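The structure under discussion appears below in the form of structure tokens.
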Amino acid sequence: AQKITQTQPGMFVQEKEAVTLDCTYDTSDPSYGLFWYKQPSSGEMIFLIYQGSYDQQNATEGRYSLNFQKARKSANLVISASQLGDSAMYFCAMREGQTGANNLFFGTGTRLTVIP
Amino acid sequence: EAQVTQNPRYLITVTGKKLTVTCSQNMNHEYMSWYRQDPGLGLRQIYYSMNVEVTDKGDVPEGYKVSRKEKRNFPLILESPSPNQTSLYFCASSSYRQGALSGYTFGSGTRLTVV
């Protein structure tokens with residue numbers, strides 16, 4: 001079974017609007033961490049936001065927020081007030097265990113295009 | 001500046017010619033890992049290392065070797081590259097102490113083409 005599922009290969013959003021990128025995960029480990037990364041056309045992987053399985057509140061970082069619904073095993077990324085520079089691939093990833101093997105499992109990504 | 005440095009950024013090679021992609025980090029991280037990225041498949045882990053002299057296979061280790069003789073370096077070796085190893089490769093590192101908070105630091109990527 002896939003550990004991370006991103007069901008939206010591509011998304012479009014109007015500039016200044018908000019957009020939600022979906023991510024569901026599968027684990028039986030009670031301790032895990034969820035990450036979102038941005039990959040612009042230049043190729044580098046940019047860390048955006050992190051949510052721990054025991055965190056009580058949804059993580060936020062500037063215009064990024066993570067809609068964490070533990071019972072549904074979903075960790076959707078919300079980008080508010082989209083900008084043209086947000087056009088990129090976005091990857092959801094998960095690490096299981098407190099320290100464990102520290103391995104990151106990635107989804108297949110969502111390509112976001114911001115329309116002027 | 002804290003970073004993971006991969007070299008080369010781009011490489012075109014021929015089938016069967018041994019090559020090494022280097023990866024070095026200056027953050028004293030214990031954990032290092034190699035991923036390959038292919039369209040529609042996301043990033044898949046090739047090998048990882050928990051510390052010096054400790055390495056283990058990831059999801060797609062066939063055709064690759066690694067070594068971790070020093071904490072800062074984690075080279076990826078393709079003994080006999082084949083066209084199906086054409087891909088974008090990433091090296092990443094993390095500290096066990098800060099892994100949960102800051103995520104993983106990635107290198108800039110190596111785009112490899114095997115003809």
Side-chain angles (χ1 to χ4, degrees), chain A residues 1-10 21 23-25 29 31-55 59 61 64 66 75 77 88-111, chain B residues 2-6 8-10 23 25 27 29-51 54-61 68 74 87-112:
Chain A
Q2 291 288 332
K3 286 190 180 287
I4 294 286
T5 301
Q6 294 180 256
T7 57
Q8 305 155 314
L21 306 184
C23 173
T24 57
Y25 59 92
D29 194 325
S31 175
Y32 52 89
L34 296 156
F35 301 81
W36 277 92
Y37 285 87
K38 173 184 179 181
Q39 186 181 43
S41 57
S42 51
E44 71 267 31
M45 296 290 284
I46 302 168
F47 167 70
L48 295 178
I49 197 167
Y50 167 82
Q51 179 85 43
S53 59
Y54 295 120
D55 293 344
E61 288 286 346
Y64 304 109
L66 202 151
L77 177 70
M89 279 290 285
Y90 289 81
F91 290 97
C92 180
M94 177 177 68
R95 172 182 56 84
E96 292 172 308
Q98 286 286 351
T99 53
N102 251 23
N103 298 340
L104 263 185
F105 298 97
F106 283 85
T108 52
T110 296
R111 182 170 296 282
Chain B
Q3 59 186 3
V4 175
T5 303
Q6 283 180 241
R9 288 292 307 274
Y10 301 92
C23 174
Q25 50 94 4
M27 297 162 283
H29 284 171
E30 298 87 357
Y31 177 86
M32 297 185 76
S33 180
W34 276 102
Y35 292 87
R36 62 176 288 173
Q37 181 182 0
D38 302 291
L41 297 177
L43 279 79
R44 295 178 293 168
Q45 190 177 54
I46 303 170
Y47 269 94
Y48 64 94
S49 170
M50 305 277 280
N51 215 322
V54 181
T55 63
D56 210 345
K57 296 177 181 178
D59 295 323
V60 288
R68 187 90 182 272
F74 191 44
S87 188
L88 176 60
Y89 291 85
F90 286 100
C91 181
S93 74
S94 175
S95 165
Y96 294 137
R97 288 178 296 283
Q98 70 183 39
L101 295 176
S102 66
Y104 297 67
T105 304
F106 280 83
S108 300
T110 296
R111 191 167 291 281
L112 172 66

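Both backbone and side-chain heavy atoms feed into the values below; hydrogens, waters and symmetry mates do not. Remember, predicted model here, so these are calculated numbers, not experimental data. Per chain, numbering begins at 1; letters A, B, ... match sequence-line order.
Considering only heavy-atom pairs separated by less than 4.5 Å from chain A, the leading option among B/A92, B/G42, B/G109 is B/G42.
Distance alone, capped at 3.5 Å, places no donor-acceptor pair between the B/Y48 side chain and the A/L104 backbone.
If you measure heavy-atom distances from B/D38 to chain A, you find no contacts under 4.5 Å at all. In this structure, the portions of B/L43 lying under 4.5 Å from any heavy atom of chain A include both its backbone and its side chain. For A/Q6, no part lies under 4.5 angstrom from a heavy atom of chain B.
Summarising the geometry of B/F90 relative to A/E44, their closest heavy-atom pair is CE2-CA, 4.5 Å, with the distance given to 0.1 Å.
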Pair A/F106-B/Q37, side chain to side chain contact (heavy atoms under 4.5 Å, CB included): steps then yes or no: CA-CA 10 Å; A/F106 283 85; B/Q37 181 182 0; over 6 Å; no

